[in-house]
2 protein chains.
Amino acid sequence: MSRDPVRPDFEPFIALAEKAGRALRSDMLDHAHRAGFTEVAPSHNAVFGTLPPEGSRAADMAIRSGITRQSMGEAVRDMVGLGILEMVPDPTDRRAKIVRYTDYGKRIAQVGFDHIVAVEELLREEFGAEDLATTRRVLARVRELLAAGPEGPVPLAVSPGGPD
Amino acid sequence: MSRDPVRPDFEPFIALAEKAGRALRSDMLDHAHRAGFTEVAPSHNAVFGTLPPEGSRAADMAIRSGITRQSMGEAVRDMVGLGILEMVPDPTDRRAKIVRYTDYGKRIAQVGFDHIVAVEELLREEFGAEDLATTRRVLARVRELLAAGPEGPVPLAVSPGGPD
DNA sequence: AATATTCGACAGGTAACCTTACTTTATCAG
DNA sequence: CTGATAAAGTAAGGTTACCTGTCGAATATT
């Protein structure tokens, strides 16, 4: 007969971060859709976030966005089919292809980047530059603190036992 | 021939929030696994976050966590199969069942809640109570600002055109 | 009593990833 | 130069965490 689990009496930081993150992400997607680019899908984020204007290899973009080469390849092929991207052979390496925005894709990317700037301004108006900077610093550091290798940062001493 | 898209010259807030959120989430899961509860899956979060000690109906938990009744039902059945939860008939409504932690499940939940508290303390030590409070406030408000109905908060005037 | 609603479950679908395995091309060690 | 190794892209198939649609049983509403 175990005691009832004792919950924290505050809203967990993880809950706050995830809810804000989800709100921001769906706002980005909604914005693209409202702008008429209804074909933009969540998986395209990994492309928009890592494809520089001059183009890039899919494998490099995969590394930068932290997904597999295969997943990136799928997203890229999808977006090629939608007319957002094009792939041209890399003259310096015949295995490789350079992924680039089409003119249409550039317009979509621009709408997204503009919205990022608009949200940034909205937040600065709401909270002031200082509090916003604090939040940015905390979020960036949280990531560093918790990304401390496979063992994680917060130590542990528990004997779990089993269900039986 | 469109101009190259102009990227923001700062790290987008959405990127910061999502990376921090992902780090926090995977830290929670890793912690449970390191504690020996290797069967805990990401989808169980919706349960741990909404199941009070005295038990609850799955439908209520679904509403609280913002997923469908069906998805919550699936997570609950999964966790019943793992010995984490049990379902007992609701004496006040013969359609319904009350979902409760087993003793084993209570131990898992406690480990998770303790870790939330430990992370909170880690963050307070790192940043101080004030900056942490600022961050919490900003994150909570971001969610409110962006959850402003189906039209979203940031206005828009674009003529998208098409790929051709 | 008739109708509408709610509860949990079942069936089936989808999106965004993943792993494994392959072909083609490039590079490097001897 | 040759053979091993590795890297780029792709194909095939699996997993996870959701979704919609629908159902029977039980409960509420009128």
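Throughout, protein chains are lettered first and strands after them, A, B, ... in sequence-line order, and every chain is numbered starting at 1. As a basis for the values below, the full set of heavy atoms in this structure was taken, side chains included, without hydrogen atoms, waters or symmetry mates.
- When all heavy atoms of B:M72 and B:I67 are compared, the closest pair comes out as N-CD1, 3.7 Å.
- B:T50 places no side-chain N or O within donor-acceptor distance of the main-chain N or O of B:S65, the cut-off being under 3.5 Å.
- Each of A:S43 and A:R69 lies near DNA chain C, and the nucleotide nearest A:S43 is the one positioned closer to the 5' end.
- Under 4.0 angstrom from either OP1 or OP2 of C:dA16 there lies no side-chain N or O belonging to A:S71.
- Comparing D:dT27, C:dA26, D:dC19 by their closest approach to the side chain of B:R94 singles out D:dT27.
- Within the 4.0 angstrom heavy-atom criterion, no nucleotide atom of any strand lies near B:D90.
- Side-chain contact check for A:R137 and B:T135: no donor-acceptor pair (N or O, by modelled atom type) lies under 3.5 Å.
- Remark: P of C:dC17 and CD of B:E18 are 10 Å apart, rounded to the nearest angstrom.
- In this structure, CD1 of B:I67 is placed 12 Å from P of D:dT20, rounded to the nearest angstrom.
- Evaluation of atom-type donor-acceptor distances gives a pair under 3.5 Å for the side chain of A:Q70 against the base of C:dT20.
- If you take NZ of A:K97 and P of D:dA8, they are 14 Å apart, rounded to a whole angstrom.
- Closest approach of B:P5 and A:K106 over heavy atoms only: CD-CG, 3.6 Å.
- When the nucleotides D:dC19, C:dC18, C:dG8 are ranked by their closest atom to the side chain of B:T68, D:dC19 comes out on top.
- The distance between atom CD1 of B:I63 and atom C1' of C:dC7, rounded to the nearest whole Å, is 11 Å.
- At whole-Å resolution of the value, NE2 in B:H44 and P in D:dA17 are 7 Å apart.
- Between the A:E120 side chain and the B:P12 main chain, no donor and acceptor come within less than 3.5 Å of each other.
- Whole-Å rounding puts the A:R95 CZ to C:dT27 P distance at 6 Å.
- Atom pair A:E74:CD and C:dT14:P shows a separation of 15 Å (rounding to whole Å applied).
- As a whole-Å value, the separation of A:R77 CZ from D:dA12 C1' is 11 Å.
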